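Working notes, structure below.
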Amino acid sequence: MSRTDVSLGRGRGLGLSELAPRVVQSEIRAMTAECDRMGGVNLAQGVCDTEVPAVVMEGAMRAMRDGHNIYTRMDGIARLRRAIAVKVALTHGLEVDPEREVLVASGATGAFHAAAMALLNPGDEVLLFEPFYGYHVSTLRSMRVVGVAVALREPDWGLDLDAVRAAITPRTRAMVVNTPSNPAGKVFTRAELEGLAAIAAEFDLFVFTDEIYEHFLYGDAVHVSPAELEGMRERTILMSGFSKTFSVTGWRVGYLVADAKWMGAINYFHDLLYVCAPAPFQHGCADGLEQLGKTFYARLAVEHELKRGMLVDALRAAGMRPHVPDGAYYILASMAHAGLEGDTAAEKARDLLARTGVAAVAGSAFFAPGHGKGEDLLRFCFAKKDEDLMEACRRLGGLGS
Ligand code: PLP
């Protein structure tokens with residue numbers, strides 16, 4: 001810091017940053033706190049408290065005992081970077097250099113933060129599909145980047161390419177594609193992604209992908225990464241992670257794959273924010289990636305499809321109209337006719353919690369504020385142990401009767 005920096009600060013007084021007054025506690029965290037306080041069943045937060053695969057758990061414990069408790073290389077341990085490169089090659093047909101094009105990040109959240117710092121400037125605009133994942137918008141806002149919502153069409157959350165084009169201005173630098181998506185469970189089709197790829201190429205945009213739910217697919221849904229489409233390799237920042245697949249949301253291990261020319265700056269900012277992803281957990285995730293095969297991922301999808309069915313039935317019985325998701329593990333349900341008290345979705349979510357002990361998130365949390373959107377929706381998470389989900393379904397039953 002130079003002398004000038006110090007003197008500039010003098011006389012301004014103590015106070016929050018320009019950004020801080022706009023910070024509000026996320027509705028998801030607020031409902032979780034409220035639910036804990038009254039001992040309810042929390043279907044608000046996507047914590048997925050299902051079993052951690054033994055190989056992953058034991059790998060992390062062994063790593064700790066073997067002394068892997070110190071900083072790793074800033075982009076992650078070699079074994080995990082290699083395993084990620086192999087996975088990306090097998091699933092997406094992408095050739096990726098594990099030495100230069102893979103970052104083991106502090107969750108997909110850390111990956112996005114570092115990538116946005118490396119590639120975007122204040123005032124840039126970034127398109128997001130609405131309903132969106134709030135962290136994407138807030139992360140951008142924390143960098144003074146403007147998130148621009150492009151509405152997906154209800155009831156099936158179809159993509160309107162004309163609306164995407166209409167949202168583009170000279171300030172547009174990128175789009176965020178979350179597939180399968182939170183909260184809508186939308187799995188973008190290859191045709192939709194090709195449409196977006198054409199727009200990205202035409203307007204020279206980066207495409208940040210969030211593919212954290214890539215293994216949670218139901219019915220005929222197929223996951224396609226935008227990175228695998230023709231001409232997209234250079235402009236796609238592919239992000240995913242292990243939080244959801246291995247049920248280790250608290251471990252903070254995810255990854256980012258991108259063209260080597262962006263990686264120096266992305267790694268730099270990731271190092272600055274997180275130094276590295278937790279060392280022993282990187283080892284546990286490497287063991288998981290190396291040793292768990294197709295059967296594991298197929299079973300994960302089947303188990304969650306059953307949970308989805310259970311919750312869809314319970315929501316219908318409670319008088320709600322669930323949008324049945326093709327992927328991820330959330331259900332957006334219209335509760336307009338469920339008889340909940342309150343003027344807003346947030347109030348209705350609190351009424352639901354008070355009456356049934358089941359926490360959900362107000363749909364409005366996933367839409368741009370000020371347009372009244374999402375006020376008739378609640379989001380429920382079904383990545384829960386069967387006994388907890390059954391208890392939640394039983395409690396929801398009380399609402400319909
Ligand atoms: N991306 C999406 C769309 C999510 O829903 C979540 C968690 O709810 C995350 C990222 C967080 O991922 P991570 O735990 O890897 O930071």
Side-chain angles (χ1 to χ4, degrees), residues 26-32 42-50 52 56 76 80 84 87 102-116 126 128-140 142 147 149 152 157 175-188 207-217 223 225-226 237-257 266 270 273-274 276-278 281-282 284-285 288-289 304 325-332 359-361 363 365-367 379-384:
S26 102
E27 190 53 23
I28 299 174
R29 286 202 184 275
M31 284 309 292
T32 296
N42 188 0
L43 303 192
Q45 201 169 24
V47 285
C48 82
D49 52 12
T50 43
V52 178
V56 175
L80 182 51
I84 292 165
K87 178 203 172 277
V102 177
L103 163 67
V104 177
S106 185
T109 308
F112 185 44
H113 203 151
V126 174
L128 303 108
F129 299 100
E130 184 192 55
F132 47 67
Y133 172 58
Y135 266 61
H136 289 152
V137 179
S138 304
T139 300
L140 294 171
S142 77
L152 295 170
W157 311 115
M175 61 175 86
V176 177
V177 179
N178 175 209
T179 183
S181 83
N182 173 9
K186 175 182 173 64
V187 180
F188 283 72
V207 177
F208 295 97
T209 73
D210 181 336
E211 307 178 29
I212 194 103
Y213 297 105
E214 62 190 299
H215 296 294
F216 297 84
L217 299 166
H223 173 65
S225 171
I237 313 298
L238 185 161
M239 298 177 294
S240 191
F242 307 103
S243 285
K244 314 288 174 172
T245 316
F246 295 159
S247 309
V248 289
T249 49
W251 283 16
R252 314 308 308 130
V253 190
Y255 61 87
L256 178 152
V257 173
I266 296 174
H270 188 268
L273 291 162
Y274 306 101
C276 63
F281 298 145
Q282 291 192 44
C285 292
L289 259 194
H304 282 79
D326 292 326
Y329 49 54
Y330 306 94
I331 297 176
L332 276 179
V361 188
F366 308 99
F367 292 82
R379 190 200 73 173
F380 296 84
C381 171
F382 57 83
K384 293 277 152 189

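Each ligand, and each atom within it, is numbered from 1 in the order the structure gives. Predicted model, so just to flag it, every value in this text is computed and none were measured. Along the sequence shown, residues carry numbers from 1.
Residue Lys244 places a heavy atom less than 4.0 Å from ligand 1. Proximity of Tyr329 to ligand 1 is not established, as no heavy-atom distance is less than 4.0 Å. Heavy atoms of Gln45 come nearer than 4.0 angstrom to ligand 1 in no pair at all. Residue contact annotation: Tyr135 has no non-hydrogen atom under 4.0 Å from ligand 1. Using a 4.0 Å cutoff on heavy atoms, Gly107 counts as a contact of ligand 1.
With sequence neighbours excluded, the residues forming a side-chain contact (heavy atoms from CB on, under 4.5 Å) with Pro325 are Arg308, Ile331, Phe382, listed by chain and number.
Contact annotation: for Tyr255 versus ligand 1, there are no heavy atoms closer than 4.0 Å. Residue Ala108 touches ligand 1 through backbone and side chain together, judged by heavy-atom distances below 4.0 Å. The part of Asn182 lying near ligand 1 is the side chain, judged by heavy-atom distances below 4.0 Å. When heavy-atom distances to ligand 1 are checked against a 4.0 Å cut-off, Tyr213 comes that close only through its side chain, counted from C-beta outward.
Ligand 1 has a nitrogen or oxygen under 3.5 angstrom from a nitrogen or oxygen of Thr109.
Judged by distance alone, the side chains of Asn178 and His136 never bring a donor and an acceptor atom under 3.5 Å apart.
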